Number of protein chains: 2
Amino acid sequence: MALMARKQGSHSDITGPKVREAALRLIARHGYAAVSMRQLAAEVGVQAGALYNYTPDKQTLLYDLMRDHLVDVIENFDKADPRSDAQSRLRAFVSFHIRYHLPRADAVFVAYMELRNLEPENFAAIEKLRRAYEDRLEAILRQGEAEGAFAMKDARITTRAIIGMLTGFFTWYRQEGRLPLEEVEAIYWDLVGKAVAR
Amino acid sequence: MALMARKQGSHSDITGPKVREAALRLIARHGYAAVSMRQLAAEVGVQAGALYNYTPDKQTLLYDLMRDHLVDVIENFDKADPRSDAQSRLRAFVSFHIRYHLPRADAVFVAYMELRNLEPENFAAIEKLRRAYEDRLEAILRQGEAEGAFAMKDARITTRAIIGMLTGFFTWYRQEGRLPLEEVEAIYWDLVGKAVAR
DNA sequence: TTTTCAAATGAACAGATGTTCAGTTAGATG
DNA sequence: CATCTAACTGAACATCTGTTCATTTGAAAA
């Protein structure tokens with residue numbers, strides 16, 4: 001039959017993304033266990049059965065959302081990383097983290113809050129990705145120590161403290177429009193920079 | 001009938017606390033929506049109907065757990081607060097936060113992760129308590145600015161950053177026995193102290 | 001126009017959900 | 001001892017759950 005263009009009228013190109021978007025929105029708002037497949041289907045504008053054209057089951061849908069998000073985060077951080085001196089890299093990390101996560105607040109929230117609802121092997125895979133992102137920050141902190149630019153008592157705990165600090169940001173920023181993004185970024189850079197300074 | 005001592009054999013003095021403990025443990029582990037009243041009853045060693053001697057409904061049980069926890073946190077912080085110079089008070093805050101929350105990891109987790117599952121008026125009440133605790137930290141930071149001991153770009157955001165940093169701690173410490181509590185406390189104090197230093 | 005088939009429907013399934021309540025139990029009280 | 005009652009049981013309720021699948025739809029392909 002040779003090469004054939006994808007059907008133009010195919011709904012799956014539209015419905016598929018709609019399912020993922022609606023799932024992120026509903027799960028972020030109500031939690032995985034509290035969102036039923038029928039609620040999700042209604043949000044998409046479809047019957048529950050149709051969702052199973054896009055995911056084998058509810059658990060896999062959650063896992064795919066979390067994995068896709070974390071893979072994107074890591075991939076895009078690696079692009080943004082200047083790979084120069086530790087000070088510049090740390091600054092880039094803080095800036096990237098805030099700017100990249102802000103327009104993806106639902107995905108951040110889900111990837112952070114729904115770990116409990118993953119089956120063991122899915123949990124292990126997601127933890128591995130989360131750890132891979134944390135390891136990138138830890139490497140920057142250790143480089144800074146080696147360069148004599150940073151000083152801290154424990155690079156691993158400092159890594160988690162910084163991530164906790166930056167991530168907590170997304171649990172409240174949406175309500176609070178008080179400050180422009182640039183300002184928030186400057187405030188966080190001030191805190192992080194001073195915390196690890198020599 | 002005059003004054004009468006409480007029945008000695010009364011089970012409600014035993015079952016009541018058991019219900020709250022089991023609820024905290026199960027909800028922390030699996031999430032509010034994922035825990036059924038029958039699971040909770042089984043954990044307590046009772047039939048589902050008996051739970052309704054201890055709570056009018058599932059939602060109120062969640063709300064009571066969160067409220068009791070936050071009220072205790074605030075009450076005990078106020079006792080621990082030295083009310084002296086900002087530097088001492090901040091140090092006491094960090095120390096209190098870590099030491100008080102550590103043996104109450106389940107309650108911390110529930111009070112932090114289950115906000116989404118509160119009905120609007122319960123949510124408002126819990127948010128008020130959370131805010132009251134944050135305000136105590138913010139007051140310390142502003143006192144430090146006034147004394148010339150601290151310098152920061154924005155006291156409100158710094159408050160949330162510090163709380164986020166300290167709270168993130170409880171999402172991973174249970175697994176990681178690598179360092180003794182005193183050491184973790186010292187590491188956090190180092191980070192917080194430097195971050196707000198002049 | 002007829003054929004084709006991806007996409008969606010809608011009913012059905014076995015079981016779980018929060019909550020209520022008449023009835024049972026067991027231990028303290030008088 | 002008999003009485004009382006707080007605590008609990010166990011069945012029932014209406015409704016919701018994730019998932020399956022035979023059937024229908026509608027638009028692109030031939």
Side-chain angles (χ1 to χ4, degrees), chain A residues 1-24 26-27 29-66 110 114 116-119 122, chain B residues 1-23 26-27 29-65 110 114 116-119 122:
Chain A
M1 192 188 282
L3 267 175
M4 192 174 58
R6 207 172 176 78
K7 265 199 200 173
Q8 289 187 340
S10 172
H11 286 188
S12 69
D13 293 351
I14 298 165
T15 309
K18 259 184 156 182
V19 169
R20 288 189 288 275
E21 281 156 28
L24 278 179
L26 288 179
I27 295 173
R29 189 121 44 210
H30 307 294
Y32 170 76
V35 175
S36 74
M37 295 300 268
R38 282 172 182 79
Q39 275 172 58
L40 175 54
E43 188 84 0
V44 174
V46 103
Q47 293 297 315
L51 296 177
Y52 291 82
N53 290 322
Y54 304 97
T55 183
D57 50 57
K58 196 188 177 191
Q59 166 73 201
T60 304
L61 175 60
L62 176 63
Y63 171 68
D64 286 344
L65 291 172
M66 295 172 79
V110 169
E114 300 297 348
R116 290 180 297 187
N117 290 302
L118 290 172
E119 285 161 11
N122 290 340
Chain B
M1 192 185 285
L3 267 176
M4 193 175 58
R6 208 172 175 75
K7 265 199 202 175
Q8 289 186 342
S10 173
H11 287 190
S12 69
D13 292 352
I14 298 165
T15 310
K18 258 184 155 181
V19 169
R20 288 190 288 276
E21 282 156 28
L26 288 178
I27 295 174
R29 189 123 41 211
H30 307 294
Y32 170 77
V35 175
S36 75
M37 294 302 267
R38 282 171 182 79
Q39 274 170 60
L40 174 55
E43 188 84 359
V44 175
V46 105
Q47 292 298 315
L51 296 177
Y52 291 83
N53 290 322
Y54 303 97
T55 184
D57 50 57
K58 193 188 180 191
Q59 167 72 201
T60 304
L61 176 59
L62 176 63
Y63 170 68
D64 287 344
L65 291 172
V110 169
E114 300 297 348
R116 289 178 299 187
N117 290 301
L118 290 172
E119 284 162 12
N122 289 340

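This is a predicted model, so every value here is computed, not measured. Chain letters run A, B, ... following the sequence lines, proteins first and then strands; every chain starts at 1.
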What's the separation between atom CG in B/Leu61 and atom CG in B/Leu51, rounded to the nearest 0.5 Å? 8.0 Å
For B/Asp13 and C/dG27, give me the distance from atom CG to atom P, rounded to whole Å. 16 Å
Tell me the interatomic distance from A/Leu51, atom CG, to D/dT17, atom P, rounded to whole angstroms. 13 Å
Let me know the distance between CD of A/Gln47 and C1' of C/dT9, rounded to the nearest Å. 6 Å
Nucleic acid footprint by protein, nucleotides 11-26 of chain C - heavy-atom cut-off 4.0 Å, B for base, S for sugar-phosphate alone: -B----BBBB------
Is B/Asn53 close to B/Thr15 at the side-chain level, that is, under 4.5 Å between some pair of heavy atoms? no
So do B/Val110 and B/Leu62 actually touch side chain to side chain, heavy atoms under 4.5 Å? yes
So, does B/Thr15 get its side chain near the phosphate of D/dA7, meaning an N or O under 4.0 Å from OP1 or OP2? no
Side chains of B/Arg116 and B/Tyr32: does their closest heavy-atom pair fall under 4.5 Å? no
Between P of C/dA8 and CG of A/Leu40, the distance in whole Å: 13 Å
Report yes if some heavy atom in the side chain of A/His30 is under 4.5 Å from a heavy atom in the side chain of B/Asn117; otherwise report no. no
If I take atom CD from residue B/Glu119 and atom OG1 from residue B/Thr60, how far apart are they, to the nearest 0.5 angstrom? 7.5 Å
